[in-house]
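Starting from 1, each residue takes its place in the sequence as its number. Because only heavy atoms are used, hydrogens play no part in the values below, and waters and symmetry mates are left out as well, while side chains stay in.
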Amino acid sequence: MTTLKKIGLIALGTLSLIIGIIGIFLPILPTTPLLLLTSYCYIKSSEKLSEKFMNTKIYDKYVRNFHEQGGMTLKGKLMLTIPVSLLLLFMFIIIKSPIMRIVIVVMWVTKVIFFTKMKTIKIEEV
């Protein structure tokens, strides 16, 4: 892998990590897909960064199940979808711009499709 490609992947991974962390507090940002992108970029570019990221609480909470089992629990999906849906509904009600309303609807539909198509996994109790 070229140095330029490696630097680009590290930069993209770091940017998606920062935006993903912001998305934890601002539910209109797609936290899980951004953190999955971070994981991918770090795996492809830097074993050290990948290992560091995989040892974080953020990875455990938002990425581990998807990375290891290819999906999320139903509870996880609902905990991400319901608050975002309520926030987008609130924004839809208070914003009068037709263009912004279309953007809000597209954001909501995209989130619903993403989580609907994602595999639902069951976590076995220990």
Interatomic distance, S39 atom OG to L49 atom CG [nearest 0.5 angstrom] | 11.5 Å
Looking at side-chain heavy atoms only, is the closest gap between V63 and T32 below 4.5 Å?
-> no
By side-chain contact (heavy atoms from CB on, under 4.5 Å), L86 pairs with (sequence neighbours left out) I82
Cluster link L78 to V112, ILVMFWY, side chain under 4.5 Å | no
Is there a path of hydrophobic side-chain contacts, each under 4.5 Å between heavy atoms of I, L, V, M, F, W or Y residues, that connects L37 with M118?
-> no
Apply ring pair (Phe, Tyr, Trp, His ring centres under 6.0 Å) to F53 and list each qualifying residue two or more places apart in sequence or on a separate chain.
-> Y59
If a pair satisfies side-chain hydrogen bond (donor to acceptor under 3.5 Å, both in side chains) and one of its residues is in residues 112-121, list it, with sequence neighbours excluded.
-> K77-T120
Does L36 belong to the same Ile/Leu/Val/Met/Phe/Trp/Tyr cluster as Y62, with side-chain heavy atoms less than 4.5 Å apart forming each link?
-> yes
Pairs satisfying salt bridge (charged side-chain N to carboxylate O under 4.0 Å, His left out), at least one member in residues 28-53, at least two apart | none
Which residue pairs satisfy the side-chain hydrogen bond (donor to acceptor under 3.5 Å, both in side chains) criterion with at least one member in residues 82-103, sequence neighbours excluded?
-> S85-W108
Residues two or more places apart in sequence or in another chain: which of them pass side chain to side chain donor-acceptor pair (under 3.5 Å) with S16?
-> T38
Nearest atoms (heavy-atom pairs only) where L9 meets C41 = O-CB, 3.2 Å
Might you point out which heavy atoms bring I24 and T31 nearest each other, and give the distance in Å?
-> N-OG1, 3.3 Å
Can you name the salt bridge (charged side-chain N to carboxylate O under 4.0 Å, His left out) partners of E68, sequence neighbours left out?
-> R64
Could you give me the CA-CA distance, side-chain angles and deciding distance for I43 and M54, then say whether side-chain contact (heavy atoms from CB on, under 4.5 Å) is met?
-> CA-CA 10 Å; I43 286 170; M54 288 180 172; 3.8 Å; yes
Distance-minimising heavy-atom pair for S46 and I10 | CB-CD1, 4.2 Å
Could you list the residues that satisfy side-chain contact (heavy atoms from CB on, under 4.5 Å) with T3, not counting sequence neighbours?
-> I7
NZ/K61 to OG1/T56 distance, rounded to the nearest 0.5 angstrom?
-> 12.0 Å
Show which residues join I99 in its hydrophobic cluster (side-chain heavy-atom contacts under 4.5 Å, direct or indirect), or state none.
-> none
Of the non-hydrogen atoms in F114 and P33, which two are nearest, and what is the gap between them?
-> CZ-CG, 3.6 Å
Which value, rounded to the nearest 0.5 Å, describes the distance between F66 atom CZ and T73 atom OG1?
-> 13.0 Å
Which residues share a side-chain contact (heavy atoms from CB on, under 4.5 Å) with M91, sequence neighbours left out | I28, L87, L88, I95, I104
Can you measure from CG (L15) to CG (L34) and round to the nearest 0.5 angstrom?
-> 8.5 Å
Would a hydrophobic clustering, with Ile, Leu, Val, Met, Phe, Trp and Tyr connected at side-chain separations under 4.5 Å, put I93 with V103?
-> no
May I ask whether L89 and I102 are part of the same hydrophobic cluster, defined by side-chain heavy atoms of I, L, V, M, F, W, Y residues being less than 4.5 angstrom apart, directly or through others?
-> no
Take L17 and Y42 through the side-chain contact (heavy atoms from CB on, under 4.5 Å) test and state the conclusion after the steps.
-> CA-CA 10 Å; L17 175 62; Y42 285 175; 4.1 Å; yes
Connected hydrophobic set around Y40, excluding itself, where side chains approach under 4.5 Å = none
Taking only residues two or more places apart in sequence, or in another chain, which ones meet I18 in a side-chain contact (heavy atoms from CB on, under 4.5 Å)?
-> T14, I22
